[in-house]
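Here is the structure we will look at, set down as structure tokens.
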2 protein chains.
Amino acid sequence: MKIVAMTVLLCGALMVNAQETEKNTISAIYKNALTSYDAYSNLKELCTNAKGRLVGSPASEHAIQILKTQISKLNPDTSYLQNYTTPSWRCKSKSQAIVYYGSKKESLNVVNLGLSVSTPNEGIKGEILEVHSLNELDSLGSKQVKDKIVFFNRPMDNAKINTFEAYSGAVDQRAKGAGKASQYGAAGVIVRSMSTELYDFPHTGVSRYKDGVKKIPNLSISTNDAEKLSRISKLNKKATVWLKSNTETIDSVQTANLIAEIKGSQHPEKVILIGAHMDSWFNSPGAHDDGAGCEQMIDVFRIFKQLNIKPVNTIRLVLFMDEEMYQSGSKVYADFVVREKREHIISIESDAGGLLPLGFGIDAGDSVINSIKKQTEQLFDYGIYKTGRGYGGVDIEPLKEFGIPIIGLMTNSQRYFEYHHSANDTVENVSRREMQLGTAAIASLVYLIDKNGIK
Amino acid sequence: MKIVAMTVLLCGALMVNAQETEKNTISAIYKNALTSYDAYSNLKELCTNAKGRLVGSPASEHAIQILKTQISKLNPDTSYLQNYTTPSWRCKSKSQAIVYYGSKKESLNVVNLGLSVSTPNEGIKGEILEVHSLNELDSLGSKQVKDKIVFFNRPMDNAKINTFEAYSGAVDQRAKGAGKASQYGAAGVIVRSMSTELYDFPHTGVSRYKDGVKKIPNLSISTNDAEKLSRISKLNKKATVWLKSNTETIDSVQTANLIAEIKGSQHPEKVILIGAHMDSWFNSPGAHDDGAGCEQMIDVFRIFKQLNIKPVNTIRLVLFMDEEMYQSGSKVYADFVVREKREHIISIESDAGGLLPLGFGIDAGDSVINSIKKQTEQLFDYGIYKTGRGYGGVDIEPLKEFGIPIIGLMTNSQRYFEYHHSANDTVENVSRREMQLGTAAIASLVYLIDKNGIK
């Protein structure tokens, strides 16, 4: 009886002790992250010296070198490039658009959409047909669409609280509009930028063509100029627009993912993956998307090293290439997982901007979600209160089919579409402390799962 | 028995109905706020045309007119100026500082602290004495302080999660440093800016002198240049600094609070106060502090009008003057409450920036706090999750002694000290959606309390 009682007391004491250690470690992680300027200064280096780092571009090559050097300074146990080749695409010069009405003309703020074909050298010109959905185009049919410049002008729905939902509700125009318009004989396409705000930055993003239809030029227009173009074309039935763009597809470029590890002290063969993507659109410094994610993950390594946290399992940092166009880096890594056959305990991505973190979105079975929810309850005082079922991330998505739980850092989405895929995605628009709260949240989650597992 | 059962059923149905109405109204408020660009465009007007609107300045007069016109457009039941006179202070020209060391000199980014006296025309020059607290100055005493330029260089503690706490922990240097330094014969004072970040914007703010000691010039230096000055003076024991500033106190200026009301349909004599302050520091557009607060409160009126919400009690908008220096507008309003003798149900202030709202800080008795916590639970899906005991606001603080519950909008504090009291507090650094989530949270709280009371 006495022994039982003592055992109970001892276990109790050990549990209290373990909880204290966790609490103190998490507190130390947050303090370290918030008082450090390293990740922010790294981000400045990346976004100043390697802006517009679309896969295969000189900037993307430079980005890989910058990030590799930043990682090397932290002395990881291993660090290497996962080289591969992929097709690519590039924008050879700034695209242009001019609207002509009556005797007047006005320039419009436009940018090429990703994967768009060029216009002929002299550009293309056509009457404007404003529509608000793909269905509307179907109902109009070839007779009304033929030779027109189709102008998709349905705004993101600002009434939604989560702007990613508003994005999902509007992005079909950008992704599928040109394919559909071409089917009915349109000459070209202009799409209202995916932004919650009225301003002058055009936003790019990937657009795809349908098989078997002619590829037609496809531009994005700033929200202010979308309003203007709409006004002009309503008042002037015969208004026309001239577009010029100059792009090319590239058969094959040499590129790489960047991988580094802190080796596990007890289970070096097991992997906790933390990832983000290195590439950004040609027109953007890519600070929130996804420079911040890269620098947060690198900073997790710095924090583990500085606080002398020795993980049980291997922490593997994977900086993916080419999230924006073909997700080639993601596919290459997934193939590698198949060949390598190392157990991945979880996979965490940060690709929702260096913005105030609110929780983790988890794409996994209920028991994993419950375990992580429970463990992250102690991050409530640090603003992490929304953890639950949610979205992991584009780069780690393929790992789902191997049964690996995928987790995405969930941030305050309010500002995201002021920046996303535009020249406005600058370091100045990243708040160091917000970014570092994200770093600390990820480091804490890694620490907890490494220690306690996810059962 | 049957009647009882039916009554229970009926009451139940009415309650469900009432809950549905509340839910729908709150949803309509959020939709309206998030899809409107009015408040943001008003903010642009205010901060472009009336930046640096310190009490008594031409910009402050202009601000009152701009805000009055914005309010008039909404056709409130009443709108008037509460005129009064107050002493004031102004900065007559940009202040300057140069550090001299060896044969070199470098300019420093400085700004006058509020209420600081001028230097003589030729400036003042002295050796640099870096200290990190008021106590340190006490321990050094007159012998080491006399004729020196005292340089307070203790940073805000970035390890704190809430930046307002970090601010409280450092601001004694700015508020009391000159008074203390003068006591020991210092020639002048430089204070490290109250900012969480390392950059080039100096931040101003109020500083006070001790009675009976000589008033000495008192400047704020950007955090980057604080680091530089510290480095230089450590390496060069005989480094000196030259300061020049040109300010004046003004015996009396004519100014005003701005008041407007939507009259209560059942209890017009009872007041729900919503407030913010119109003035900003001379060096700042004052977008977050507190242009955003003013425009949020005006927008509450717009939303009530557009959604045809007819309040039971009178909603009174009070835009206070002179929060930054003397709180004269706040005092004038408090005196008015004494004379007017109208019951104030609650008083709500927005003065924590147009940033992501997280909850309401309530300074009142437990039962009021519990009632408001309970009622705002339904705002959880809109990100309001932190309501509880907290800080009301500087302008409404005097109303506490009349037993009026005071409530402050609680925001994400992470970015606040990148902007506060500096030239960096621009409209471009306000996110329209974040500001409008604040507007909607306040409008929802007003709607709920007007309907349900606070018992």
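For clarity, every value in this text was computed on a predicted model and none was experimentally measured. To find a chain, count down the sequence lines: A is the first, B the second, and so on, and within it residues start at 1.
- Of all residues in residues 413-421 of chain B, those placing a non-hydrogen atom less than 4.5 angstrom from a non-hydrogen atom of chain A are B/Q414, B/R415, B/E418, B/Y419.
- The distance from atom CG of A/D157 to atom OG1 of B/T35, rounded to the nearest 0.5 Å, is 8.5 Å.
- In this pair, B/Y385 and A/F380 present their aromatic rings perpendicular. The plane angle is above 60°, beyond the 30 to 60° band.
- Annotation for A/K23: atom NZ does not count as buried by contact number, only 12 or fewer foreign heavy atoms lying within 6.0 Å.
- Rounding to the nearest 0.5 Å gives a distance of 7.0 Å between CG of A/N412 and CG of B/N412.
- Using a 4.5 Å heavy-atom cut-off against chain A, the contacting residues of residues 192-199 of chain B are B/T196, B/E197, B/L198.
- Contact of the A/Y37 side chain with the B/N158 side chain is registered, since non-hydrogen atoms from C-beta on lie closer than 4.5 Å.
- A donor-acceptor contact shorter than 3.5 Å is absent between the side chain of B/R433 and the backbone of A/T163.
- Heavy-atom contacts from other residues, nucleotides or ligands closer than 6.0 Å to NZ of A/K234 number more than 12.
- Here the straight-line distance linking atom CG of A/L356 with atom CG of B/L358 works out to 7.0 Å at 0.5 Å rounding.
- Residues of residues 292-299 of chain A never come closer than 4.5 Å to chain B when only heavy atoms are counted.
- With a 4.5 Å cut-off on non-hydrogen atoms, B/K386 does not touch chain A at all.
- Heavy atoms of other residues, nucleotides or ligands lying less than 6.0 angstrom from NZ of B/K228 number more than 12.
- Within residues 434-445 of chain B, the residues having any heavy atom less than 4.5 Å from a heavy atom of chain A are, in residue-number order, B/E434, B/L437.
- If you measure heavy-atom distances from B/N32 to chain A, you find no contacts under 4.5 Å at all.
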